[in-house]
There are 2 protein chains.
Amino acid sequence: MVMDFSQIRRNEHLPARIASQIGREISEGRIAPGEKLPTEHILAKTFGVSRSVVREAIAQLRNEGLVETRQGVGAFATDFEHRQSIRIEQGNLADHASFQSLFQLRLPLEIEAAGLAATNHTAEDLMKLDEALEQMTGGEKWTEKGVLADLAFHRQIAASTHNEYFLLFLGFIAERIHLAINMAREAAVLTEIVEVTIAEHVAIRDALASRDPIRAREAMRHHLHGAASRLDLQLKVY
Amino acid sequence: MVMDFSQIRRNEHLPARIASQIGREISEGRIAPGEKLPTEHILAKTFGVSRSVVREAIAQLRNEGLVETRQGVGAFATDFEHRQSIRIEQGNLADHASFQSLFQLRLPLEIEAAGLAATNHTAEDLMKLDEALEQMTGGEKWTEKGVLADLAFHRQIAASTHNEYFLLFLGFIAERIHLAINMAREAAVLTEIVEVTIAEHVAIRDALASRDPIRAREAMRHHLHGAASRLDLQLKVY
DNA sequence: TATTGTACGGTTGTCTGATAACCTTATATG
DNA sequence: CATATAAGGTTATCAGACAACCGTACAATA
């Protein structure tokens with residue numbers, strides 16, 4: 001019996017790979033916006049998979065806003081301006097330049113958030129902030145738990161703005177950055193700088209507590225630039 | 001013959017509604033992070049639909065990072081820190097406070113983008129910027145085309161940072177804001193203020209062209225505050 | 001001619017049942 | 001005790017069918 005390996009290799013999650021392949025066709029313009037995709041039957045034949053898989057792939061693209069489907073008519077590519085969601089591929093951040101770009105995006109958001117939080121935070125917010133801070137200064141210092149506390153600290157600042165979108169976006173970005181840092185973490189280097197980092201966090205916390213947005217922004221700016229230089233990033237700043 | 005209407009009403013997109021229902025169970029904590037969801041068979045029985053529909057719903061949740069599936073084991077709710085994508089529900093922005101929050105988020109990003117663009121833009125970027133500007137000042141002024149040109153202008157600034165994430169995030173945010181504005185647009189009011197808006201855009205463009213990041217940031221800040229007050233938004237600013 | 005009604009083919013949406021791949025657990029085996 | 005094997009459950013994929021819906025062509029009608 002002769003095997004046919006010309007079709008897609010089926011080692012992991014068929015629909016996702018087919019979705020990304022069709023997605024690439026659209027992103028790179030081989031399927032123009034508004035143009036109709038081949039029918040599910042044809043796509044199934046083309047990729048050598050069943051229609052279920054094709055349907056799941058198209059459903060995924062629809063969720064991302066890359067295609068729209070109309071029953072009885074077909075599936076159509078949409079122009080990329082009205083995507084429904086933002087997604088960052090995991091692998092992208094391995095690249096140093098890309099990581100730096102994301103950090104550069106984070107900068108103004110965190111600073112603004114610090115200012116807003118200084119104005120808008122409640123007593124409960126401040127309490128949670130102190131909790132996170134305590135976790136960082138606790139005995140175990142820079143274990144995984146310490147890193148998580150760092151994350152929680154910044155997350156709590158975003159929450160203290162009482163602006164849902166700051167929480168949504170900053171939480172998302174911070175999580176990506178955290179993952180990337182973990183990937184390339186040198187424990188030895190980090191243990192040395194814990195004290196500095198904690199001191200910076202305390203400065204932010206105190207500025208917040210005194211409800212001084214200007215000082216909070218400055219403290220956050222200082223902290224992020226410190227963090228960036230520790231991570232060997234060159235950021236533009238004005 | 002007796003009809004059975006107890007099950008889900010099937011007027012539009014079954015999987016999406018089931019996905020949002022399961023998603024709500026997770027978001028509101030009735031299914032804890034890490035906890036296992038019911039099997040597809042059981043879910044299908046529960047909702048009174050076929051397993052295909054349930055599978056498509058779960059696939060959607062997996063895309064959003066709300067659940068993870070392991071073949072042979074089951075589907076599990078994930079804690080919301082590692083969601084894979086950001087999404088803003090359409091209806092949310094109808095609310096004035098929510099719209100204002102999003103605009104507040106946009107503010108620091110646009111300003112930072114203007115500064116970065118002033119430093120990083122190429123000759124080609126400037127050309128495209130001028131194109132968009134020309135479309136705005138063209139005869140038809142504040143038609144739909146004019147609004148699109150406005151969008152394109154800001155999009156081009158984001159692109160001129162040569163930071164992929166600024167383009168991604170700002171493009172996404174600006175698109176939402178544009179949609180919201182369109183929903184509640186008063187043509188009469190807008191036509192009066194076209195001249196002002198265009199003048200502000202020109203100021204940004206000139207600052208960019210002279211590669212002066214400080215001035216570019218100021219011009220953008222001024223423009224956004226003007227736009228905000230025209231839209232009757234109260235933004236915090238420092 | 002212009003409009004309306006209708007039948008038809010094509011496409012997506014949903015259903016059903018079956019098989020494959022995979023994991024966990026229990027049981028047997030050395 | 002450690003390892004191998006069997007069993008059962010769950011997701012992944014497949015295949016084929018019917019339902020819902022759309023667009024078009026064409027006939028019927030005014």
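Any value given below was found using the heavy atoms of this structure, including those in side chains, with hydrogens, waters and symmetry copies removed. Here is how names work: the chains are called A, B, and so on, in the same order as the sequence lines, proteins then strands, and each is numbered from 1.
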Discussion item. The side chain of B:Arg62 is closest to which nucleotide in this list: C:dT12, D:dA12, D:dG23?
Written reply: D:dA12
Practice prompt. Would you mind telling me which of D:dC14, C:dG13, C:dC15 lies closest to the side-chain atoms of A:Ser52?
Written response: D:dC14
Discussion item. Taking the side chain as everything from C-beta on, heavy atoms only, tell me whether A:Leu14 gets closer than 4.5 Å to A:Arg17.
Written reply: yes
Discussion item. Could you tell me if the side chain of A:Arg155 sits less than 4.5 Å from the side chain of A:Leu170, heavy atoms only?
Written reply: no
Fill in: Qualifying residues under side-chain contact (heavy atoms from CB on, under 4.5 Å), relative to A:Ala59, sequence neighbours excluded
A:Arg62, B:Glu56
Worksheet item: Roughly how many Å is it from CD in B:Gln71 to P in D:dG8, rounded to a whole number?
Response: 20 Å
Worksheet item: Does the side chain of B:His201 come within less than 4.5 Å of B:His154's, by heavy atoms?
Response: yes
Fill in: Earlier contact from the 5' end, DNA chain D, for A:Ser50 and A:Val73
A:Ser50
Worksheet item: Could you give the CG-to-P distance, from B:Leu43 to C:dC15, as a whole number of Å?
Response: 14 Å
Response to the item:
Atom CZ of B:Arg17 and atom C1' of C:dG13 are separated, to the nearest Å, by 12 Å
Worksheet item: What's the CD-P distance between B:Glu56 and C:dT12, to the nearest Å?
Response: 13 Å
Worksheet item: Looking at C:dT12, D:dC14, C:dT14, which one has an atom nearest to any side-chain atom of A:His41?
Response: C:dT12
Worksheet item: Rounded to the nearest Å, what distance is computed from the CD atom of residue B:Glu40 to the C1' atom of nucleotide D:dA12?
Response: 8 Å
Response to the item:
To the nearest angstrom, the NZ-P distance between A:Lys36 and D:dC22 comes to 15 Å
Item to complete: Return yes if a side-chain donor-acceptor contact under 3.5 Å exists between B:Glu164 and A:Ser101, otherwise no.
Response: no
Worksheet item: Nearest to the side chain of A:Thr69, which nucleotide is it out of C:dT12, D:dC14, D:dT11?
Response: C:dT12
Worksheet item: Can you find a donor-acceptor pair, distance only, under 3.5 Å between A:Arg51 side chain and C:dG13 base?
Response: yes
Item to complete: Choose from C:dC15, D:dT13, C:dA21 the nucleotide whose nearest atom is closest to any side-chain atom of A:Pro15.
Response: D:dT13
Worksheet entry | Rounded interatomic separation in angstrom, taking CG from A:Leu14 and C1' from C:dT19 | 16 Å
Discussion item. Measure CD1/B:Ile58 against C1'/D:dT13 and give the value in whole Å, please.
Written reply: 15 Å
Practice prompt. Please work out if B:Arg55 contacts a base, only the sugar-phosphate, or nothing of the nucleic acid, heavy-atom cut-off 4.0 Å.
Written response: base
